[in-house]
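My questions all concern the structure below.
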Amino acid sequence: MVSQAVTIVLLLAGAGFFLAGTLGLLRFPDVYTRLHSLTKADNVGLGLMAAGLAVQAESWAAIGKIALIWLLVLLASATGAHLVARSALRKGIKPWTL
Amino acid sequence: MDVMSLAANWTFDGLLALALLWVGWRVLASTNLFKGIVFFIAFGLLVALSWVRLEAPDVALAEAAIGAGLTGALLLAALSRLRRRQDSAQASDQPLDAETSRTARLSLGTQALLIVFSAVLFVCLGTAFLSLPPLTPGLGPQVAEQLSASGVTNPVTAVLLNFRAYDTLLEMGVLFLALVAVWSLSPAPAQLVTAPGSILISFVRVLVPIVVLAATYLLWIGAYAPGGAFQAGAVLAAAVVLILLAGENTMPAGSTWPLRATLSLGLGVFVAVGMSLMGMGRSFLDFPTDQAGNLILLIEVAATVSIGVTLAALFLGGQPQRGSPK
Amino acid sequence: MTVFYLGLALFLLLTLFAGMWRILRGPDDADRMLAAQLFGTTAVAILLLLAEAMDTPALRDVSLVFALLAAVAVVAFVRLSWSPTADNTRNDG
Amino acid sequence: MTATMAYATAGIGLFVLGLYALSAYTHLLRKVIALNIMASGIFLVFGAIAHRAPGQGADPVPHALVITGVVVAVSATALALALMLRIQAETGQPRLPDETSD
């Protein structure tokens, strides 16, 4: 029962980050701020969900696979965010200011 | 199944099916072609989820690698070549941003007729689907019956490489012919001029070995679980595409014969196995039960490598030029 | 627990639909591409949840393929369509 | 059965949408994308038919056919795109010649 409670808490927290990431993608004013919100969903949201599901996993191999999936998404989102931000700067898109 | 989970399942499937239609419509109706392509990438993702829901994880794997990864990259590359040539051909008296003029050539009457025809077709096809006999066992039981003689325990792999091996052989032929046709149309256009940057290079260096490992895993596990040569080949192709995208120059220098040999490996091994079975007094591709597993694995390894390299070569969009300078 | 997993997957599917608005609106190509990248991550999470809900561990492999290829579309976009010098490239195709 | 019906309907709808776009639009990239949408629709109908027999899982034969189809579709797409670029190089327009002339 404890493990189920842990899973539920972690999954709900992860879903919250996905919601926040999507809201940020929709509401933030420019490409840099949107990158910021979106990478939160990638990193923290998926991380919490992966942790929550790993608690329920049937074997160590399954836990390893879930961890690998999370690490791969981390790598992809960090690289993607860097590439998009660098291109945006070089294209002369000005970061949003108040 | 209790009411709650039944309701959750129905809601999920209903929403996903509606989303498929809406996104499919947006893919086709977006005035901006780039927008349409991004919708298409999202569409591929939803299709992969649908295959999961239809209990077809093998197809979901293939769709995830091809629909959401490779096709998107192919379309983006084609669009950027189109736009660049339009930019360089300023002399053209035709409107350059022709992407926005979509159905201008059709009169309103023709368009209305087309819409009515589409609606009638939809109703006819829907009725045809509904009038299918409801309880067909399909070929599932037959496959299950013969599975022990196929050399593998994953029924989809058994169908692909044993029961219907001719399909797969001819499909390798289709891939090969498609590449021959693409090569005969034009030399591979140079498309990358900016430096990739150290982060992209390190990313590719870290990721590609993991992708190759994952492709091997998918190939191996395909004998008894969802996976197999096509999924592994598609994943491998994505790795090669990443390498090509990280390079400053897409042209492989030097002799092209190792490339040509790799491209024909899958088809060659497939035919060679079939022919040697004929030499042993059996029919073409009629595997002996005790050796079927090994022969299938041999064919699949060759097919995976060929599929991966062929799909990546198709992405290049033309024949690589020998020793082309940077 | 199955209903909980399925409900969360449904919730993530809904956030994915909400993200479609960014593809519709843009304004820049990069904004649309960001939405596609978020969808990829969301699909990974949905598949991990469905693997539990449908009791099909093979779905983790589908999720693994999505995670492996998450960067392909963005890298293709940045390198082919959106590079800063895309306007003065050689054209020998 | 209900879920299967939903995907079959979506598949048939996508096929019809794609057919409409294939006939209505002149830009060849749109036509290629429309063909891909049609193919996805057909595959989904296959998947729905494979999933109709209740209780005993899905039929593996249509799944194998669809996997073959997915790979053929992507190679056909690549060939179609190369043809489109060649047509554009020859005529200056990504359209079929008889749809280009004014």
Side-chain angles (χ1 to χ4, degrees), chain B residues 10 13-14 17 20-21 24-25 27-28 33 36 40 47 50-51 54-56 58-59 62-63 66 70-71 74 78-79 81-82 85 89 92 94 99 102-103 105-106 114 118 121-122 125-126 129 136-140 143 155-156 159-160 164 167 171 174-175 178 181-182 185-186 230 314 317, chain D residues 2-3 6-10 12-21 23-27 29-30 33-34 36-37 40 44-45 47-53 56-61 63-64 66-68 70-72 74-79 81-86 88-89 92-94 99:
Chain B
W10 282 9
D13 291 325
L20 279 174
L21 279 173
W25 172 61
V27 169
L28 297 169
L33 271 174
F40 188 80
V47 172
S50 309
W51 285 112
L54 288 168
E55 295 184 80
D58 295 86
V59 187
E63 182 66 38
I66 290 179
L70 275 174
T71 313
L74 262 175
L79 180 63
R81 275 173 214 160
L82 267 185
R85 288 202 199 150
S92 165
Q94 305 256 8
E99 293 160 15
R102 293 173 294 143
T103 52
R105 214 153 284 285
L106 290 179
L114 204 54
S118 303
L121 186 65
F122 178 76
L125 289 173
F129 184 84
T136 41
L139 294 166
V143 172
V156 176
V159 172
L160 272 175
R164 293 187 66 89
D167 278 8
E171 186 206 343
V174 169
L175 260 182
V182 167
L185 281 171
S186 76
F230 291 115
L314 285 171
Chain D
T2 319
Y7 293 112
T9 314
I12 294 171
L14 288 169
F15 176 80
V16 173
L17 267 178
L19 191 63
Y20 172 81
S23 350
Y25 296 150
T26 57
H27 195 294
L29 187 54
R30 282 185 190 282
I33 295 175
N36 269 289
I37 298 275
S40 295
L44 280 173
V45 174
I49 290 177
H51 197 247
R52 284 184 338 135
Q56 51 174 325
D59 185 348
V61 178
H63 292 178
V66 169
I67 290 174
T68 316
V70 166
V71 180
V72 167
V74 73
S75 49
T77 302
L79 175 57
L81 293 174
L83 279 170
M84 171 190 78
L85 289 166
R86 184 64 192 269
Q88 191 206 23
Q93 285 288 310
E99 290 179 327

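The structure presented is a predicted model; accordingly, all values stated were derived computationally and were not measured. Numbers restart at 1 for each chain; the letters A, B, ... are given by sequence-line order, proteins then strands.
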| Can you say whether S40(D) sits under 4.5 Å from chain B via the side chain, the backbone, both, or neither, judging by heavy atoms? |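 The side chain, not the backbone.
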| request: Using a cut-off of under 4.5 Å on heavy-atom pairs, state which of I37(D), V72(D), L17(D), V70(D) scores highest against chain B. | output: I37(D)
| Approximate separation, where rounding is to 0.5 Å, of L185(B) CG and L85(D) CG |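 Between atom CG of L185(B) and atom CG of L85(D) there are 9.5 Å.
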| task | Give the intermediate values and the outcome of side-chain contact (heavy atoms from CB on, under 4.5 Å) for residues F129(B) and T9(D). | result | CA-CA 9 Å; F129(B) 184 84; T9(D) 314; over 6 Å; no
| Which portion of A21(D) sits near chain B, non-hydrogen atoms under 4.5 angstrom | side chain
| Region of L14(D) that comes under 4.5 Å of a non-hydrogen atom in chain B | both
| query | Looking at G14(B), S118(B), A181(B), G36(B), which one has more heavy-atom pairs under 4.5 Å with chain D than the rest? | reply |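 Max contact count across the listed options: S118(B).
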| query | Short question: side chain of E55(B), backbone of H51(D) - any donor-acceptor pair under 3.5 Å? | reply |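 Not confirmed, E55(B) side chain does not pair with H51(D) backbone.
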| request: Search all heavy atoms of L28(B) against all heavy atoms of R30(D) and return the closest pair with its distance. | output: O-NH1, 3.2 Å
| said: Measuring from atom CG of L81(D) to atom CG of L314(B), what distance do you get when rounded to the nearest 0.5 angstrom? | reply: 10.0 Å
| message | Measuring from atom CD1 of I66(B) to atom CD1 of I67(D), what distance do you get when rounded to the nearest 0.5 angstrom? | response | 9.5 Å
| request: Search all heavy atoms of D13(B) against all heavy atoms of A6(D) and return the closest pair with its distance. | output: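 Here D13(B) and A6(D) meet closest at O-CB, 4.3 Å.
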| query | Using a cut-off of under 4.5 Å for heavy-atom pairs, which of I12(D), L79(D), V66(D) has the most such pairs with chain B? | reply |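 Looking at each option in turn, the highest pair count goes to I12(D).
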| request: Against chain D, label L20(B) side chain, backbone, both or neither, depending on which of its atoms sit under 4.5 Å from a heavy atom there. | output: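 Looking at L20(B), backbone and side chain both touch chain D.
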| So, for L21(B) and A10(D), which heavy atoms are closest and what is the spacing to 0.1 Å? | CD2-O, 3.7 Å
| task | Quick one: which of T71(B), V156(B), V159(B) has the most heavy-atom pairs under 4.5 Å with chain D, could you say? | result |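 The answer is V156(B).
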| field | Residue selection (most heavy-atom pairs with chain D, distance under 4.5 Å) from V59(B), V143(B), L121(B) | value | V59(B)
| message | Can you tell me which portion of F122(B) sits under 4.5 Å from chain D's heavy atoms? Options are side chain, backbone, both or neither. | response | both
| task | Find the distance between NE2 (H63(D)) and CG (L54(B)) and round it off to the nearest 0.5 Å. | result | 7.0 Å
| query | At what distance, to the nearest 0.5 angstrom, does CZ of F40(B) lie from CD1 of I33(D)? | reply | 7.0 Å
| field | Member of L175(B), L70(B), V174(B) meeting the side-chain contact (heavy atoms from CB on, under 4.5 Å) criterion with V71(D) | value |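 Among L175(B), L70(B), V174(B), the one meeting side-chain contact (heavy atoms from CB on, under 4.5 Å) with V71(D) is L175(B).
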